[in-house]
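In what follows, chains are A, B, ... by sequence order, proteins preceding strands, each numbered from 1.
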Amino acid sequence: MSRSSRDTPVGGAGRDALYQRFYALIDCIPRGRVATYGQIAREAGRPRHARHVGYALRALPPGSKLPWYRVINSRGEISARPSEGYPLQRERLLAEGIVLDRRGRVDLERFGWVPDL
DNA sequence: AATGTGACCGCGA
DNA sequence: TTCGCGGCCACAT
């Protein structure tokens, strides 16, 4: 491993490869659990690049099989805009047994995804 | 090239 | 707990 320890190369392909990595990670989120944008970015070896996770998801085609709805922000809230996928996302989460409190927030302590290696 | 925006995050007040 | 700010970086104009 003669690689610099401060970061993980994306592989040379750049942005596209990074997005693919985000997608792969999101695809691993089990049913009934949620992950945060920051968490996905971190798992992908790009801490503090949470915004790009949202970017990648925004670029996702409608009808994608990816469980994008299991990705929420660090406060446990749905970040998608009401005019975008908010209603659908809320519905999907509820359908999996995830509880949203009165303010529409998910208890990350309880439903947060803990990736096991 | 420069500027503004964004499905975000974390910290300090 | 909420609110404000700076940081991050790709993308649209």
Side-chain angles (χ1 to χ4, degrees):
Chain A
M1 325 318 306
S2 55
R3 180 171 298 158
S4 184
S5 61
R6 69 180 165 216
D7 69 354
T8 301
V10 179
R15 188 185 86 270
D16 296 321
L18 180 58
Y19 279 23
Q20 288 307 311
R21 189 172 300 194
F22 287 157
Y23 296 148
L25 252 11
I26 293 169
D27 197 42
C28 289
I29 304 173
R31 178 186 173 73
R33 310 241 92 174
V34 297
T36 67
Y37 295 91
Q39 179 181 1
I40 295 301
R42 180 159 29 215
E43 295 291 325
R46 283 292 181 288
R48 301 179 194 84
H49 287 219
R51 292 190 108 137
H52 294 178
V53 176
Y55 236 73
L57 261 44
R58 183 66 185 83
L60 216 49
S64 170
K65 295 192 174 186
L66 210 63
W68 57 268
Y69 51 85
R70 291 180 186 146
V71 182
I72 58 181
N73 66 33
S74 65
R75 291 166 163 174
E77 305 176 306
I78 289 175
S79 288
R81 289 193 271 157
S83 58
E84 292 293 328
Y86 191 105
L88 176 60
Q89 182 164 21
R90 188 167 66 112
E91 214 172 320
R92 296 266 195 158
L93 293 177
L94 291 173
E96 297 194 344
I98 291 174
V99 179
L100 298 181
D101 65 20
R102 185 165 41 185
R103 294 162 90 200
R105 304 203 313 198
V106 175
D107 181 349
L108 294 177
E109 293 291 313
R110 184 179 167 189
F111 299 104
W113 173 42
V114 181
D116 48 24
L117 312 177

Can a donor-acceptor pair be found, under 3.5 Å and without considering hydrogens, that links the side chain of [X] to the backbone of [Y]?
{"X": "Y69(A)", "Y": "E91(A)", "answer": "no"}
{"X": "E77(A)", "Y": "R105(A)", "answer": "no"}
{"X": "R70(A)", "Y": "I29(A)", "answer": "yes"}
{"X": "R33(A)", "Y": "R110(A)", "answer": "yes"}
{"X": "E43(A)", "Y": "P115(A)", "answer": "no"}

| H49(A) vs dC9(C): side-chain N/O to OP1/OP2 distance below 4.0 Å | yes
| field | Interface residues of residues 50-68 of chain A with DNA chain C (non-hydrogen, below 4.0 angstrom) | value | R51(A), H52(A), Y55(A)
| said: With heavy atoms of chain A within less than 4.0 Å as the criterion, where does contact along DNA chain B begin and end? | reply: dG6(B) to dG10(B)
| query | Are the side chains of Y86(A) and Q89(A) in touch, meaning some heavy atoms are under 4.5 Å apart? | reply | no
| note | Residue pairs passing the ring-ring contact (aromatic ring centres under 6.0 Å, His included) test with at least one member in residues 31-67 of chain A, sequence neighbours excluded, are H49(A)-H52(A)
| task | Look up atom CD1 in I40(A) and atom CG in L57(A), then write down how far apart they are to the nearest 0.5 Å. | result | 8.5 Å
